Every structure is written in C-alpha cells, then in structure tokens.
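Here's the structure, in structure tokens; my notes come after.
Keep in mind that the numbers below use all heavy atoms, side chains included, and drop hydrogens, waters and symmetry copies. We number each residue from 1, following the sequence as shown. Note that the structure is predicted; figures quoted are calculated from it, not measured.
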Amino acid sequence: MPDIWWKADPQDLHRLVDRVSSVYVERSHLDRDENAVVIINKRQTVRVPAAMVAVMLLGPGTRVTHGAIRLLADSGTAVCWVGEQGVRMYAAGLGPSRGAGLLHRQAWLVTRPKERLSVARAMYGMRFPGEDVSALTMQQLRGREGTRIKKLYRAQADRTGVAWNGRVYKAGDACAAGDDLNRLLSAANAALYGICHAVIIGLGASPGLGFVHTGKATSFVLDIADLYKAEYTIPLAFDLAAQGLTEERDARLGLRDLIARDKLLGRIVTDVKTLLSPEGTDFDAPEANSLWDESVGAVPGGTNYASHADLSAHGMTDNHIAVIGPEPHETEPHETEPHETEPHETEPTS
C-alpha cells in the first residue's frame, strides 16, 4: 500500500463499485493496525479493511487518530463527519480520485445555461422513463416531479396500509416531523446522501455544483440522490413503518441491504459519469501535476519558477501559526514538582 495518497497509483486501490457502501461509527475510538482501521468501544473491537469501504461515517462521540485518517486517505476511502444516526453531514474528507478532469467538465456544464438545462432534463428523464422531456422548461419539470411524488406517496400508503399525512422535514432535526414514517424517510434519505456523496467525491466531481439544486455545498449530492428515492428510500420507509420498525437505525440498515442486493453503488457511478461525461470520454485517468498558464494552457508543476525575487512585499513570508503538543514523556518547561507535604490544616474552633 503506498505511503501517501497523492503518490498512490489507482491500480493499488479497490474500485469504488466493489466496496462496501458505508460504515457508520458512533461513540467509539478509531485507530490503525497495519492496513486495517480498528473500531474500539466498550462492547466490541472491530477490524475494518480500509480499502474495502467507500465511505466512513463518523457520528457523535467518535475519536479518531491521525494514523487512522492517514490510512483511510491512503486507501481512497471518503470520510464524513455526520450527526447522530447520520442525519446531517458536517464535513467530509478526500476520496480516491487523483484527477480533475470530471470536475472541470462539471464546472463547464453548470456555468452555461443551455448545457446546464440539458443535464437537468437528462436527470428528470431518468425519473420519467419513456417520456420526452427534451422541450420542457425547469418550471414544467418541477411541476411534473411534484405530481409524480404525490402519487408515489399515495400508492405506497395504499400498498402498505400506513397512514400518510404529508411530508414534514426540518433540516438537521430528524424528530421535527413528529411521526415515525417521516423520521424513517429522513433517516433513509440521509444515508442515501452519504452514499451519493462518497461516489461523487470518489469520482473527482464536486458535491456543490448542482444542476437542479443550487446554493448548498451538497447540491449535486441532492441532485443524484433524488434519482433513487422513489425506488429505494420511500418504499423502504413505508415497509419499515408497516412492520413496526421505527428506529432510524432500521432505515439505515435496510437501505444498506438494498444497496448491496442491487449493487446500487455501481449504478450511481455509471449515472454520474453518464450525466457529466460526453459519450466515449473517460475521466478516470489521473491528471498530471500542472500549473495553469494564460498563454500556453498549462506548465509543469513541481518546479520553482522564481528568479530570486523578493516575495515579502506580496505577503509571502514564513509567518504562520502552529500548535504543537509536547513529545511523549516530555516535561513541561514551567512544570513544578509537587509538594512533598500536604498544606497545613487549621484546627477547627470549638
């Protein structure tokens, strides 16, 4: 296994489609033991082969060592810091992609209205198989999507016998909905967002450059996840509610099993590439380390182009902030030895 991720050859890493979709960790300690991440808590110790996981979801109460994070980065495993039961994502680390070709393509598409509309229509076309959406406006597409989802909720309620009173959702608060079915929907969708996020950054695309959604750091994640809700998270939530399984954990585990059964990870990879890549184009190859140049396009990186110029006038000095703890067993510089005798105690007065 290569020591550092930016020197890792893609052939050393397991393909994203061959990995376990996600591992959720809560109230545990993560460390490294050779090429495995070790998850330790009071109940059990679990060894996880890092290179076989697409995304590691770190929930509340989780502590992680530098060695564990380095191994996950070496292995091309995405790391996401999430809320309880994975219902909200706070931050994310790097995935296995080494190149920026797909990201450049995505940025080009999303900044040109005609091309952006074409991708958005393709996304809606995946939800309406057999229908021609090539001439519809975004307003028309949103209206048709709203009608489809309403019909879907009613159909699932009739199929399972679970009462449906409308979708209630508050970002970051899974319990705001009040009823079990809405909480299950929120939990299942949150797990789906994590999987889609892992695929997007794993391929080297941007989670923030959405085509239908906009304005959020996860806009493209929402775009991709919406392609699968009608098939996965909505029926799953109704099925679980009908069985009396109302915990968020039930939704997350249920979705995990469906993803493994249908090999959804590979399907998401294919769909993202299809939406962003021209036919016959492959962006998997790693890009060379280059620097942009307005005249020639790119020049080699890793080269010092300075001509002994003084850069201090431009603020490029050695000033920085570093916080470094003491070495193990190192005595603090101002540490005093403890007193050998206890402080004098006064006798109680009568």
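- Grouping the Ile, Leu, Val, Met, Phe, Trp and Tyr side chains by contacts below 4.5 angstrom, directly or via other members, places V199 with Y228.
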L264 vs L258, test: side chain to side chain contact (heavy atoms under 4.5 Å, CB included). Steps then yes/no.
CA-CA 8 Å; L264 180 61; L258 292 176; over 6 Å; no
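- In this model, a donor atom of one side chain and an acceptor atom of the other lie less than 3.5 Å apart for S186 and R167.
- Below 30°, between 30° and 60°, or above 60°: for Y153 and F238 the angle between ring planes is between 30° and 60°, a tilted geometry.
- Side-chain atoms of R32 do not come within 3.5 Å of backbone N or O of I69 as any donor-acceptor pair.
- With rounding to the nearest 0.5 Å, the separation of CG in L276 from CG in L209 is 9.5 Å.
- To the nearest 0.5 angstrom, Y124 atom OH is 9.5 Å from R148 atom CZ.
- Between R267 and E231 a salt bridge is recorded (basic side-chain N to carboxylate O distance below 4.0 Å).
- Between the side chain of S118 and the backbone N or O of K114 there is no donor-acceptor pair closer than 3.5 Å.
- R47 has a carboxylate O that lies under 4.0 Å from a charged side-chain N of D33, or vice versa, which qualifies the two as a salt bridge.
- More than 12 heavy atoms of other residues, nucleotides or ligands lie within 6.0 Å of CZ in R159, so this atom counts as buried by the packing criterion.
- Note that CG of D239 and CG of L184 are 10.5 Å apart. Values are rounded to the nearest 0.5 Å.
- Of the possible donor and acceptor atoms, one in the side chain of R121 sits under 3.5 Å from a partner among the backbone N and O of L136.
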Donor-acceptor list for residues 125-135 side chains, cut-off 3.5 Å, not counting sequence neighbours:
{"from": "R127", "atom 1": "NH1", "to": "E145", "atom 2": "OE2", "distance (Å)": "2.8"}
{"from": "E131", "atom 1": "OE1", "to": "R144", "atom 2": "NH1", "distance (Å)": "2.7"}
{"from": "D132", "atom 1": "OD1", "to": "S134", "atom 2": "N", "distance (Å)": "3.1"}
{"from": "D132", "atom 1": "OD1", "to": "S134", "atom 2": "OG", "distance (Å)": "2.7"}

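- Residues V269 and L103 fall within the same hydrophobic cluster, defined by Ile, Leu, Val, Met, Phe, Trp and Tyr side chains chained together at heavy-atom separations under 4.5 Å.
- L141 and I149 fall into different hydrophobic clusters, where Ile, Leu, Val, Met, Phe, Trp and Tyr side chains are chained together by heavy-atom contacts under 4.5 Å.
- Rounding to the nearest 0.5 angstrom, the gap separating the CG atom in D180 from the CG atom in D250 is 10.5 Å.
- Looking at S28, its side chain does come within 3.5 Å of a backbone N or O of E26 through a donor-acceptor pair.
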